[in-house]
> 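Quick one: the structure is below, and I'll ask about it shortly.
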Amino acid sequence: MRSYVTYALAIVVCFACVAGADIHYVDVNGGADYEAIKPAVLAAAEGDTIYVAAGTYSGEDNRDISLGAKNLELIGQGTVVIDCEGLGRGIAMTSAVTNYSTTISGLTIMNGAARDYASDGGGGIYCQHASPIIEYCTITGCDGELGGGIKLIYSDAIIRYSW
């Protein structure tokens, strides 16, 4: 009897964790929860998913995107381009992003620049003490004195791409 109670409790806890996750939609053309990526990330909670519709995202609300202390999924749908315009970094992750519980998927990050940061690198994606999954992303034209595309500092990222 005791094992059935333990098993049932484990199922309830699992469903409670899954049920708490929200989905946020971003579309630069309107018609979604957000028109820019940074406000969606700021509004997202631990475990949420952010879907980014096809389009080119530029401007202040679409660069220097910090995932902060959140493990979440940031997923591009179709051709999603984040154009940092040489004015900042694409995405940054720090020690809160652990155990491969953050996924960045299907994004093109271009023209990121990290020369004005103390870390001096990772114009596209910067990871410090983080372990994200970065998949099916293209990083192009990014600049940084110590690593233009992706900079990993004490990080254990999974990076995969399919041709």
Side-chain angles (χ1 to χ4, degrees), residues 18 21-94 96-117 119-128 130-153 155-163:
V18 172
D22 287 330
I23 297 174
H24 306 270
Y25 295 94
V26 180
D27 188 344
V28 71
N29 298 312
D33 302 327
Y34 304 92
E35 291 183 15
I37 300 168
K38 191 185 294 184
V41 169
L42 289 172
E46 182 81 12
D48 285 359
T49 300
I50 300 169
Y51 289 109
V52 184
T56 299
Y57 294 80
S58 59
E60 188 175 338
D61 280 341
N62 293 299
R63 65 176 171 263
D64 293 319
I65 300 165
S66 174
L67 301 186
K70 300 174 188 173
N71 289 296
L72 50 83
E73 293 184 306
L74 181 60
I75 301 172
Q77 298 183 306
T79 303
V80 175
V81 176
I82 298 173
D83 185 353
C84 299
E85 304 171 295
L87 299 172
R89 170 180 285 140
I91 298 171
M93 290 166 272
T94 58
V97 177
T98 58
N99 301 320
Y100 310 110
S101 55
T102 292
T103 300
I104 298 173
S105 181
L107 304 176
T108 294
I109 301 171
M110 61 186 289
N111 303 321
R115 285 170 276 142
D116 295 334
Y117 295 90
S119 60
D120 257 356
I125 297 176
Y126 174 81
C127 299
Q128 183 175 9
S131 55
I133 297 171
I134 301 167
E135 60 183 9
Y136 316 118
C137 292
T138 300
I139 300 173
T140 183
C142 293
D143 189 21
E145 214 170 288
L146 300 172
I150 298 175
K151 183 169 185 177
L152 304 174
I153 299 176
S155 295
D156 187 22
I158 294 174
I159 301 172
R160 41 182 179 226
Y161 195 84
S162 175
W163 294 102

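Keep in mind the model is a prediction, meaning the values are calculated, not measured. Computation of the quantities below employed the complete heavy-atom set of this structure, encompassing side-chain atoms and omitting hydrogens, waters and symmetry-equivalent molecules.
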> Does the side chain to side chain contact (heavy atoms under 4.5 Å, CB included) test come out yes or no for Ile37 and Ile82, once each step is laid out?
CA-CA 9 Å; Ile37 300 168; Ile82 298 173; 3.7 Å; yes
> What's the shortest heavy-atom distance between Cys142 and Gly148, and which atoms?
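What the structure gives for the nearest pair is CB-O, 3.3 Å.
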> When rounded to the nearest 0.5 angstrom, what is the spacing between CD1 in Ile134 and OG in Ser155?
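So the CD1 of Ile134 and the OG of Ser155 are separated by 8.5 Å.
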> Please give me the minimum heavy-atom distance between Ala114 and Gly121, naming the atom from each residue.
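Heavy atoms only, the tightest pair is CB-O, 3.3 Å.
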> How long is the span from the NE2 atom in His24 to the CG atom in Asp33, to the nearest 0.5 Å?
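The CG atom of Asp33 is 7.5 Å from NE2 of His24, to the nearest 0.5 Å.
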> Going from OH on Tyr57 to SG on Cys84, what distance comes out if it is rounded to the nearest 0.5 angstrom?
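The SG atom of Cys84 is 14.0 Å from OH of Tyr57, to the nearest 0.5 Å.
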> Distance check, rounded to the nearest 0.5 Å: Ile23 atom CD1 versus Ile50 atom CD1?
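The CD1 atom of Ile23 sits 11.0 Å away from the CD1 atom of Ile50.
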> Would you say the side chains of Asp83 and Ser58 form a donor-acceptor pair under 3.5 Å?
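There is no such pair (donor and acceptor under 3.5 Å, judged by atom type) between the side chains of Asp83 and Ser58.
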> How long is the gap from OG on Ser131 to CE on Met93, to the nearest 0.5 Å?
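Ser131 atom OG to Met93 atom CE measures 10.0 Å (nearest 0.5 Å).
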> Taking all atoms of both residues into account, what is the closest heavy-atom pair of Thr108 and Thr140, and its distance?
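Thr108 and Thr140 have their closest heavy atoms at CG2-CG2, 4.4 Å.
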> Which heavy atom of Val26 sits nearest a heavy atom of Ala40, and at what distance?
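Closest approach of Val26 to Ala40, heavy atoms only: CG2-CB, 3.5 Å.
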> Show the nearest heavy-atom pair for residues Glu60 and Lys38, with the distance to one decimal.
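In terms of heavy atoms, the two residues are closest at O-NZ, 3.2 Å.
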> Shortest non-hydrogen contact from Ile91 to Ile104?
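Heavy atoms only, the tightest pair is CG2-CD1, 3.9 Å.
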> May I ask you to say whether Lys70 pairs ionically with Glu46, meaning some side-chain N is under 4.0 Å from a carboxylate O?
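No, no charged N to carboxylate O under 4.0 Å.
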> Quick one: CG on Asp27 to CD on Gln77, what's the gap to the nearest 0.5 Å?
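Answer for the CG-CD pair, Asp27 versus Gln77, is 9.5 Å.
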> Does the Glu135 side chain pair with the main chain of Tyr161, one donor and one acceptor, at a distance under 3.5 Å?
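Checking the backbone N and O of Tyr161 against the side chain of Glu135, no donor-acceptor pair under 3.5 Å is found.
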> Taking Tyr34 for the side chain and Val28 for the main chain, is one N or O donor matched with an acceptor at less than 3.5 Å?
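No.
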